[in-house]
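Encoded as structure tokens, the structure appears first; notes follow it.
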Amino acid sequence: MARSAILGNGSVAVGIDENGLLHDFYFPYVGLDNLNNARMDPHYIGVYVGSTFSWIHSDDWEKSVLMSDETMSVDSTYTNKTLGVKLTMKSYVDVSHDVFIRHVQVENLLDSPQSVRVFFHQVFQISRDGRQDTAMYVPDGHYLLDYKGQSSILIKAMTEDGVDFDQYAVGNYGIEGKEGTFRDAEDGELSMSAIEHAGVDSVLRVTCDVGPLQSKQIHYWVAVSTSQFAVKKINDILLEQRFAKKYEQQKEYWATWIRPARKSFNYITKPHRQAIATSLYTIKAHMDRHGGIIASCDSSIYNYGRDYYSYVWPRDGAFAIWPFIKLGL
């Protein structure tokens with residue numbers, strides 16, 4: 001199935017599926033390598049309220065997943081009337097650093113306070129055969145780390161008032177009869193298992209105490225670099241910055257980038273302007289900063305074919321770049 005959105009900054013490309021979940025994660029080149037285990041499962045997100053757990057991709061939720069025409073980002077909403085909870089997410093790849101960011105607004109729909117536990121699941125496959133990776137909890141920085149060879153991936157989350165995730169679990173995924181550590185979340189508690197190797201996945205939990213008809217925001221990010229030291233440096237920079245301004249910086253960057261093109265299509269109707277803008281962002285996300293323009297970041301084809309479609313063909317690249325030239329981009 002085609003992705004609902006492709007987001008990228010020229011070295012990280014992320015595929016977002018129809019449920020708004022992360023399904024592809026390319027680094028250090030757009031289209032090479034896909035560090036996510038996208039042939040099987042995306043990165044799940046779950047919610048636990050009272051004594052009830054639900055994954056947001058299930059039918060329990062009313063969903064909307066749309067690519068923004070203001071910036072290269074995805075706006076998604078999830079409403080569960082039974083739980084009395086609504087999640088509103090803005091997801092994007094940062095233009096300054098190699099990091100995927102989600103801002104999650106947790107809204108309490110009830111007129112009584114609720115404790116809402118949000119679970120973020122990660123399943124990467126860094127090594128080619130998916131049997132040589134390591135995932136671990138790093139206590140000194142209070143983050144999760146996946147690593148192998150030249151790729152280190154750091155995962156962290158906290159509330160808007162600086163409260164870190166309060167539980168985590170690391171375990172095996174897809175080997176030795178184990179479905180995955182994400183199942184550990186379904187009782188609302190995580191095992192706090194700190195390290196595992198081979199096929200691995202991980203889960204972290206953020207707890208929000210939300211007042212009646214109020215909301216609280218969670219910041220979640222996945223940073224990637226070529227070493228543990230380099231990815232920690234990205235994390236330190238993010239912690240020093242104000243997340244409230246991060247998305248505004250993103251909007252300003254992409255507004256400046258697309259401005260020459262908007263001069264050419266401002267005379268057409270608003271729906272068509274929106275379609276052109278999202279199309280340009282999508283094409284841009286398929287462009288590597290070294291110049292390659294790949295055909296597709298969607299890795300689902302590997303489920304029934306023998307290869308991905310993330311190649312550069314001169315003909316397709318020419319077709320993609322021609323409107324950019326004509327629009328002054």
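All residue numbers in this chain count up from 1 along the given sequence.
When the shell of 6.0 Å around CG of D111 is examined, it contains 12 or fewer heavy atoms from other residues, nucleotides or ligands. Around atom CD of E252, no more than 12 heavy atoms belonging to other residues, nucleotides or ligands sit under 6.0 Å away. More than 12 heavy atoms of other residues, nucleotides or ligands sit less than 6.0 Å from atom NZ of K246. Annotation: Q105, atom CD; neighbour count of heavy atoms from other residues, nucleotides and ligands within 6.0 Å is above 12. In K63, the NZ atom is crowded: over 12 heavy atoms of neighbouring residues, nucleotides or ligands sit closer than 6.0 Å.
There is a path of hydrophobic side-chain contacts, each under 4.5 Å, that joins V85 to W55. Using a 4.5 Å cut-off between side-chain heavy atoms of Ile, Leu, Val, Met, Phe, Trp and Tyr, with links allowed through other members, F53 and I45 fall into the same hydrophobic cluster.
Without hydrogens or angle criteria, R273 side chain to F265 main chain gives no donor-acceptor distance under 3.5 Å. Side-chain atoms of R205 never come within 3.5 Å of backbone atoms of E189 as a donor-acceptor pair (strictly under, hydrogens ignored). The closest donor-acceptor contact from the side chain of E160 to the backbone of Q217 lies under 3.5 Å. Proximity of a side-chain donor or acceptor of W221 to a complementary backbone N or O of L154 within less than 3.5 Å is not detected. Between the N36 side chain and the H23 main chain, a donor and an acceptor come within less than 3.5 Å of each other.
The shortest non-hydrogen separation linking S68 to T278 is O-CG2, 3.4 Å. Across S310 and G31, no two heavy atoms sit closer than the pair OG-O, 3.1 Å.
Interatomic distance, H197 NE2 to M136 CE, rounded to the nearest 0.5 Å: 13.5 Å. Q228 CD to S152 OG: the interatomic distance, rounded to the nearest 0.5 Å, is 5.0 Å. In this structure, the separation between NE2 on H142 and CG on N235 is 11.0 Å, given to the nearest 0.5 Å.
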Quiz item: What's the verdict on side-chain contact (heavy atoms from CB on, under 4.5 Å) for D146 and D133, showing C-alpha distance, side-chain angles and the deciding distance?
Solution: CA-CA 7 Å; D146 279 62; D133 299 346; 5.6 Å; no
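Between H290 and Y29, the distance from one ring center to the other falls under 6.0 angstrom. Between F120 and F165, the distance separating the two ring centers is not shorter than 6.0 angstrom.
A donor-acceptor contact closer than 3.5 angstrom is absent between the side chains of H43 and H121. S193 and S191 share a donor-acceptor pair across their side chains, judged by distance under 3.5 Å alone.
M287 places a side-chain heavy atom less than 4.5 Å from the side chain of I321. Contact check for L280 versus L327: side-chain heavy atoms found under the 4.5 Å cut-off. The closest side-chain heavy-atom distance from Y48 to D187 is not below 4.5 Å.
Partner S115 forms a side chain to side chain donor-acceptor pair (under 3.5 Å) with one of T207, D209, N108 and no other, that one being D209.
With respect to D17 and R3, no salt bridge is recorded, no charged nitrogen being found less than 4.0 Å from a carboxylate O.
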